[in-house]
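Have a look at this one.
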Amino acid sequence: MGRRRSFGSRLLAGLALASMSICLVLLHQLSQDGKAAIGGATNEAIERRQRHSHRYLLMAAAGSGSVPAAASAIESKQQPSTTAKETAPRNGEDNNNNNNQSSTSDAVDRRLPRLLIIGVRKGGTRALLEMLNLHRDIAMVPVEVHFFDKFDNYQRGLDWYRSQMPLSSDAQLTVEKSPSYYVTPEVPERVYAMNPHVQLVLIVRDPVTRLLSDFAQIEASRAAQNLPNRRFQDVALLPNGEVNTQNRALHVSLYAKFLSRWLHVFPRRQLHIVDGDRLIRDPWPELQKVERFLGLEHLIRRDQFYFNATKGFYCLTGTPTDVSNDNVTLATADENSHHSHHYHHKCLAGSKGRRHPQVPDEVISVLRQFFAPHNRKFFAMVGQDFDWPEQ
Ligand code: A3P
């Protein structure tokens, strides 16, 4: 008996030693992967990854064997692996759950969004999402899910919506963006039914510029269908020179009209408004404001952006995440950039930053005058003046 016991304890000790060695090897491997993945990222970013890796390895050692794969997916902020733990509750179960958190703290899971970027179309929603995703505590949904605005999707229920979410840790905040949420009448109530405490972000830009951007996108898709090109002024104005108020794209620029529906359902303090024109000129201060609104640590740094002269926009330098979706491509490094040897450069795809149509000044002026009273109403509602030209 005594011999068997001592053999048993020797076996246990051996097993414990073996698991520790496996953990150490995995830890080393993950930290190497992390370094390789982020190329020239800063020591701070590498350390953060190592801290996270270590945390999940400890959890793995404690018995949840599938977690490391999921954890490394979070670390790289890629789409989840199939080994991930799935504990989606039944539909409606989140109604009274402010945070949509799993009961086990630190558990890797799919969580319903706590932040929605609700619009506005062509306001800079993709840029905002990708930039926010630089933050350690943000887990973004890479595609637009259109859960609340498309009836067929909404019918699938919250379980389905949750299944579209990325894996996240307890500390992370899942964010989804679908720009048509802003203008679809049913959406505010549906969002409220999911979680009355959800945080909302709206990004707006000068309504005339937004309209030009929308028009450029519509024309690009018409061209792809071999439909003839149209002149902007023939779409935005009537033959008598007045504004074509029936134009759908023009309606999207009437921000105040849609805002009243949202403010009817949600208190103003749950909505943050990003100045899309400023985000283009200098993204970092706008991102700092979003971090503050969300109560996140200020972790996004100015040096994570650089102005790419070829693209004509800010792009991301060596980010701590892999920005992996079809709207984002690796851009060729700017030859004059001193970053080019050390960082992965990520610019938004060509569908962002299209050339706008050349439009006579008089047409722009007519549109600005048309939007002016609507804009003033919007400024009054949100308590923020965006200073869009009125002439
Ligand atoms: P344009 O293509 O008209 O320039 P959305 O993602 O909501 O569709 O918005 C697209 C707009 O995002 C683009 O409109 C572009 O102006 C703006 N944008 C803001 N920051 C950008 C960035 N860093 N790179 C590319 N486009 C950006």
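Order of listing sets the numbers, starting from 1, for every ligand and every atom in it. Sequence positions, counted from 1, serve as the residue numbers for this chain.
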Are Gln217 and Ser221 linked by a side-chain donor-acceptor pair shorter than 3.5 Å? no
How far is atom 7 (O) of ligand 1 from its nearest protein heavy atom, and which residue and atom name does that atom have? Thr125 OG1, 2.6 Å
Numbering as shown, the atoms of ligand 1 that approach His356 to under 4.0 Å (heavy-atom distance): 1 (P), 3 (O), 4 (O)
Set out, in order, the CA-CA distance, both residues' side-chain angles and the distance that settles side chain to side chain contact (heavy atoms under 4.5 Å, CB included) for Asp303 and Arg301, then state yes or no. CA-CA 5 Å; Asp303 68 6; Arg301 303 184 313 273; 2.9 Å; yes
Report yes if the distance between the aromatic ring centroids of Trp284 and Tyr314 is under 6.0 Å, otherwise no. no
Using heavy-atom distances, let me know which of Lys122, Lys346, Arg205, Lys352 sits nearest atom 14 (O) of ligand 1. Arg205
What is the closest protein heavy atom to atom 4 (O) of ligand 1, and at what distance does it sit? Gly353 CA, 3.2 Å
What residue and heavy atom of the protein are closest to atom 20 (N) of ligand 1, and at what distance? Ala127 CB, 3.3 Å
Can you label the angle between the Phe370 ring and the His374 ring as parallel, tilted or perpendicular, going by 30° and 60°? tilted
Would you say Lys177 and ligand 1 have an N/O pair spaced under 3.5 Å apart? no
Is any side-chain heavy atom of Val366 closer than 4.5 Å to one of Val243? yes
Near Ser213 (heavy-atom distance under 4.0 Å), the atoms of ligand 1 are 1 (P), 3 (O), 14 (O)
Which of the atoms in ligand 1, numbered in the order shown and given with their element, are less than 4.0 Å from a heavy-atom of Met131? 23 (N)
If you measure every N or O of Phe313 against every N or O of ligand 1, does any of those distances drop under 3.5 Å? no
In this structure, which one of Arg156, Glu176, Arg110 forms a side chain to side chain donor-acceptor pair (under 3.5 Å) with Tyr161? Glu176
Could you tell me which atoms of ligand 1, counted from 1 in the order shown, lie closer than 4.0 angstrom to a heavy atom of Gly123? 7 (O), 9 (O)
Atom 18 (N) of ligand 1: which of Ile280, Leu348, Leu316, Asp214 has the nearest heavy atom? Ile280
Of all protein heavy atoms, the one nearest atom 23 (N) of ligand 1 is Tyr314 O, 2.8 Å
Can you classify the ring geometry of Phe386 versus Phe379 as parallel (below 30°), tilted (30 to 60°) or perpendicular (above 60°)? tilted
Distance-only N or O hit between ligand 1 and Arg126, under 3.5 Å: yes
Consider every N or O of Cys315 and every N or O of ligand 1, then say whether any pair is closer than 3.5 Å. no
For a quick test of reading the model, state the closest non-hydrogen atom pair linking Arg111 to Ser168 and the distance between them. NH1-O, 2.7 Å
Polar contact flag for Arg354 and ligand 1 (N/O pairs, less than 3.5 Å): yes
Looking only at heavy atoms, what is the nearest atom pair of Asn133 and Ile138, with distance? OD1-O, 3.6 Å
Sorted by chain and residue number, the salt bridge (charged side-chain N to carboxylate O under 4.0 Å, His left out) partners of Asp214 (sequence neighbours excluded) come out as Arg121, Arg210
Tell me which protein heavy atom sits closest to atom 12 (O) of ligand 1, plus the residue, atom name and distance to 0.1 Å. Gly124 CA, 3.3 Å
